[in-house]
Number of protein chains: 2
Amino acid sequence: MEELFDYFEQFQKLSEIEKEAIRTICSIKKVDKSSLIEEIGSTSKTIYFIKSGLVRIYYYKDGIEVTEFFALSGNLVARVQSLLTQKPSAKAIHMLEAGTVIAINATKFFKLFDTFPTIERLYRMMLEVAYLEVVERLQSIQFHSAKERYAALMNNHELIQKVPLKFIASYLGITQVSLSRIRANHSKTNPLNPQ
Amino acid sequence: MEELFDYFEQFQKLSEIEKEAIRTICSIKKVDKSSLIEEIGSTSKTIYFIKSGLVRIYYYKDGIEVTEFFALSGNLVARVQSLLTQKPSAKAIHMLEAGTVIAINATKFFKLFDTFPTIERLYRMMLEVAYLEVVERLQSIQFHSAKERYAALMNNHELIQKVPLKFIASYLGITQVSLSRIRANHSKTNPLNPQ
DNA sequence: GGAATCCTTTAACAAATGATAAATTATAGA
DNA sequence: TCTATAATTTATCATTTGTTAAAGGATTCC
């Protein structure tokens with residue numbers, strides 16, 4: 001659990017009482033490679049912290065699988081839309097690598113806000129950062145070419161090395177064929193970059 | 001000020017004391033058509049509620065003006081990235097139509113959180129909705145063609161009627177020429193729609 | 001180790017969008 | 001109202017990305 005609190009305390013210092021309140025609504029789970037920790041159609045009631053492993057969120061658009069999000073270990077992942085609206089989610093959370101997650105009961109977590117304003121503040125601050133990240137990504141996708149987006153993602157070495165290309169393509173908003181073409185061109189002009 | 005509280009109370013009921021605390025950090029401003037209520041380069045310290053008028057946020061990408069956001073009367077507008085990071089903003093807030101805005105001192109507003117957890121909750125809930133809206137927009141831009149995005153925007157009649165097309169093009173992530181082409185095609189197949 | 005399956009690349013062509021320039025239409029000010 | 005300016009459309013060509021199909025590599029599982 002300590003990794004989770006280290007993560008939280010990047011945003012907001014917590015008292016021992018607050019930490020204990022959070023501990024009681026968490027459980028630790030081992031998850032196999034390729035398993036789904038949340039399935040399409042269910043309503044989300046959980047926020048996950050990735051202790052180890054690699055995760056993606058995906059959904060289907062016109063019958064084609066689309067990867068929306070990746071999370072490396074040391075980060076949170078949740079199907080936020082479903083969590084906030086309490087409607088069934090069109091998305092699934094998929095383990096790309098086996099690992100361990102901390103499952104936070106979101107319903108109970110939200111209830112803690114009434115007793116511990118500091119926990120609501122923590123959540124608020126994480127939400128602010130998440131908001132800024134989506135705005136960044138929106139701008140990247142709206143005003144950069146696929147080639148530029150791929151070049152930017154190349155800087156995230158861990159992701160590029162661990163994630164199959166077919167998942168990266170839809171994350172970048174392009175087809176797999178198009179990504180292959182970009183990579184072929186890219187390594188012509190940048191022979192030192194990974195193939 | 002009452003419109004502002006009506007807006008807030010869609011999210012969170014406020015006590016008279018809380019409202020009074022908010023009133024003391026607000027001021028009402030009349031703004032001319034075409035004026036900038038916030039200029040590029042300044043650091044944002046204000047959240048605006050549009051009592052009347054029409055507003056956009058824009059910035060420059062590679063020397064080309066890009067419209068990021070429109071706000072109709074009855075909504076909030078802020079340069080959120082600058083507000084949250086307290087760094088100078090690359091964006092400006094531009095009145096497309098004359099009107100009246102309520103300027104909320106954001107620094108003081110954030111300070112109210114320590115005294116009034118309800119106000120922090122109000123802010124948190126507005127942030128949640130804003131987050132969901134950006135995620136929606138990201139998906140729309142990532143997985144719909146320019147034609148589809150234009151068709152969707154057509155349903156927002158007020159915006160389409162009041163906003164010059166040159167501002168709409170970059171909002172949709174396309175050039176003005178491309179928007180013209182889409183419109184020409186669109187009215188061929190939909191002769192009843194506005195030209 | 002071999003067969004089956006999955007992942008990635010390549011090729012050829014189609015469709016969408018960008019860039020530039022010019023023509024047309026609308027708007028605002030004198 | 002007339003003129004200057006701004007906004008929008010149209011035309012042409014270049015570039016990017018999508019679509020489909022096939023081939024080549026890699027991986028998994030028996």
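Everything quoted here is computed from the prediction, not taken from an experiment. The sequence lines fix the lettering, A, B, ..., with proteins before strands; numbering per chain opens at 1. Values below: all heavy atoms of this structure, side chains included; hydrogens, waters and symmetry mates excluded.
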Candidate pair B:Q139 and A:E68, rule side chain to side chain donor-acceptor pair (under 3.5 Å), full reasoning: CA-CA 9 Å; B:Q139 284 185 27; A:E68 171 178 81; 3.0 Å; yes
Under 4.0 Å protein heavy-atom contacts per nucleotide of nucleotides 14-21 of chain D, with B for base, S for backbone only and - for none: ---BBBB-
Is a salt bridge present between [X] and [Y], judged by a nitrogen-to-oxygen distance below 4.0 Å?
X	Y	value
B:E3	B:K51	yes
B:R23	B:E16	yes
A:R137	A:E133	no
A:E38	A:K45	no
A:R56	A:E65	yes
A:K162	A:E158	yes

Whole-Å distance separating the [atom1] atom of [X] from the [atom2] atom of [N]:
X	N	atom1	atom2	value
A:K166	C:dT8	NZ	P	7 Å
A:Q176	D:dA22	CD	P	17 Å
B:I141	C:dA16	CD1	P	18 Å
B:L165	C:dT25	CG	P	16 Å
A:I160	C:dT8	CD1	P	11 Å
B:R183	C:dT17	CZ	P	16 Å
B:F167	D:dT8	CZ	C1'	13 Å

Of the listed nucleotides D:dA6, C:dT8, D:dT9, the one nearest the side chain of A:P164: C:dT8
Rounded to 10 degrees, the angle between the two terminal axes of the helix from C:dG1-D:dC30 to C:dA30-D:dT1, each from five pairs: 50°
Residue pair A:Q81 / B:Y131, side-chain donor-acceptor N/O under 3.5 Å: no
Pair B:F11 and B:Y123, ring centroids less than 6.0 Å apart: no
Members of residues 52-62 of chain B that approach DNA chain D, where some heavy atom sits under 4.0 Å away: none
Enclosure of A:E39 CD (heavy-atom neighbours >12, cutoff 6.0 Å): no
B:Y150: which of B:I174, B:L179, B:N185 passes side-chain contact (heavy atoms from CB on, under 4.5 Å): B:L179
